[in-house]
Amino acid sequence: MPSNAKQKTSMLIRGFVPYQEKKGEEYMNEQQLAHFANILNTWKQELMEEVDRTVHHMQDEAANFPDPADRASQEEEFSLELRARDRERKLIKKIDQTLQRIEEDDYGFCDSCGVEIGIRRLEARPTATLCIDCKTLAEIKEKQVGS
């Protein structure tokens with residue numbers, strides 16, 4: 001990934017102003033929900049723009065090279081780009097599901113135990129559905145089953 005694109009991706013999640021909680025403020029109030037909806041919509045927009053750039057790049061760069069090595073290199077490059085876009089497509093779907101949870105007032109609480117996930121964890125991973133404790137347990141169980 002070119003350094004410019006890498007910078008843009010890294011700014012995606014970090015390019016927001018962290019939410020400043022007010023004393024006595026209710027968890028997942030309208031301002032907090034709007035904050036996360038803004039983060040998610042911005043993230044989704046950036047991913048969609050990246051998909052468009054990839055499509056244009058592949059159309060512009062598509063060539064039928066006579067040399068098999070050149071053709072193989074181009075096919076490998078396109079394959080890697082398509083794999084990355086597929087991961088981003090899945091992420092866009094997850095972002096859409098998260099935005100739906102915000103609309104349904106079901107955002108910010110752990111799917112497993114029901115406790116607050118926490119503002120900072122959600123800012124680090126806006127699509128999180130588990131609190132840090134449940135996520136840690138799930139990862140431990142996954143390692144045990146996978147071994």
Side-chain angles (χ1 to χ4, degrees), residues 1-63 71-147:
M1 180 186 285
S3 62
N4 190 16
K6 198 177 275 186
Q7 280 179 333
K8 190 165 191 144
T9 302
S10 67
M11 283 184 57
L12 182 60
I13 286 292
R14 295 183 191 93
F16 66 89
V17 176
Y19 186 82
Q20 296 300 316
E21 297 175 71
K22 295 160 190 74
K23 195 170 191 162
E25 181 178 35
E26 184 180 334
Y27 182 71
M28 285 301 131
N29 60 40
E30 284 186 36
Q31 292 86 7
Q32 291 175 2
L33 291 173
H35 173 72
F36 288 108
N38 183 43
I39 290 171
L40 289 160
N41 282 316
T42 301
W43 195 8
K44 181 180 173 181
Q45 182 63 38
E46 296 267 339
L47 290 169
M48 298 293 279
E49 288 172 6
E50 189 63 33
V51 167
D52 289 342
R53 276 192 291 275
T54 298
V55 168
H56 293 305
H57 169 73
M58 291 179 78
Q59 288 172 343
D60 293 345
E61 297 295 318
R71 205 168 33 248
S73 293
Q74 182 184 47
E75 286 177 18
E76 180 66 19
E77 176 191 338
F78 285 178
S79 174
L80 289 171
E81 282 191 46
L82 289 173
R83 220 174 324 161
R85 295 302 83 78
D86 188 51
R87 282 194 306 272
E88 289 172 355
R89 180 188 56 80
K90 290 174 185 172
L91 182 54
I92 289 170
K93 185 177 178 185
K94 194 167 186 177
I95 289 170
D96 285 337
Q97 291 169 343
T98 304
L99 287 167
Q100 183 66 36
R101 289 184 72 160
I102 288 174
E103 285 184 26
E104 296 169 354
D105 271 343
D106 189 31
Y107 181 70
F109 297 92
C110 180
D111 282 353
S112 183
C113 69
V115 302
E116 297 175 357
I117 293 175
I119 301 291
R120 298 301 165 239
R121 172 159 167 69
L122 289 170
E123 284 180 337
R125 186 77 178 162
T127 57
T129 57
L130 298 174
C131 68
I132 194 67
D133 293 334
C134 290
K135 182 63 176 171
T136 302
L137 283 173
E139 288 176 355
I140 291 169
K141 287 177 185 175
E142 189 178 304
K143 285 181 185 175
Q144 289 174 345
V145 172
S147 298

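Everything numeric here is computed off the predicted structure, so don't read it as measured data. Only this structure's heavy atoms are used, side chains among them; waters, hydrogens and symmetry mates stay out. Along the sequence shown, residues are numbered consecutively beginning with 1.
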Checking [X] side chain against [Y] main chain: does a donor-acceptor pair fall under 3.5 Å?
{"X": "Arg121", "Y": "Leu130", "value": "yes"}
{"X": "Arg85", "Y": "Val51", "value": "no"}
{"X": "Ser79", "Y": "Glu75", "value": "no"}
{"X": "Glu123", "Y": "Pro18", "value": "no"}

Quiz item: Would you call the rings of His35 and Phe16 parallel, tilted or perpendicular if under 30° counts as parallel and over 60° as perpendicular?
Solution: perpendicular
Close side-chain approach of [X] to [Y], heavy-atom, < 4.5 Å:
{"X": "Glu25", "Y": "Gln32", "answer": "yes"}
{"X": "Glu49", "Y": "Gln45", "answer": "yes"}
{"X": "Thr98", "Y": "Phe36", "answer": "no"}
{"X": "Asp133", "Y": "Val115", "answer": "no"}
{"X": "Glu46", "Y": "Asn41", "answer": "no"}
{"X": "Ile92", "Y": "Asp96", "answer": "yes"}
{"X": "Leu122", "Y": "Ile39", "answer": "no"}

Salt bridge [X]-[Y], side-chain N to carboxylate O under 4.0 Å:
{"X": "Arg83", "Y": "Asp86", "answer": "no"}
{"X": "Arg53", "Y": "Glu50", "answer": "yes"}
{"X": "Asp111", "Y": "Lys135", "answer": "no"}

Quiz prompt | Inter-residue atom distance Asn38.CG - Trp43.CH2, 0.5 Å rounding | solution = 13.5 Å
Quiz item: In this structure, are over 12 heavy atoms from other groups packed under 6.0 Å from Lys93 atom NZ?
Solution: no
Practice problem: Verify whether the ring centers belonging to Tyr27 and Phe109 lie closer than 6.0 Å. | Solution: yes
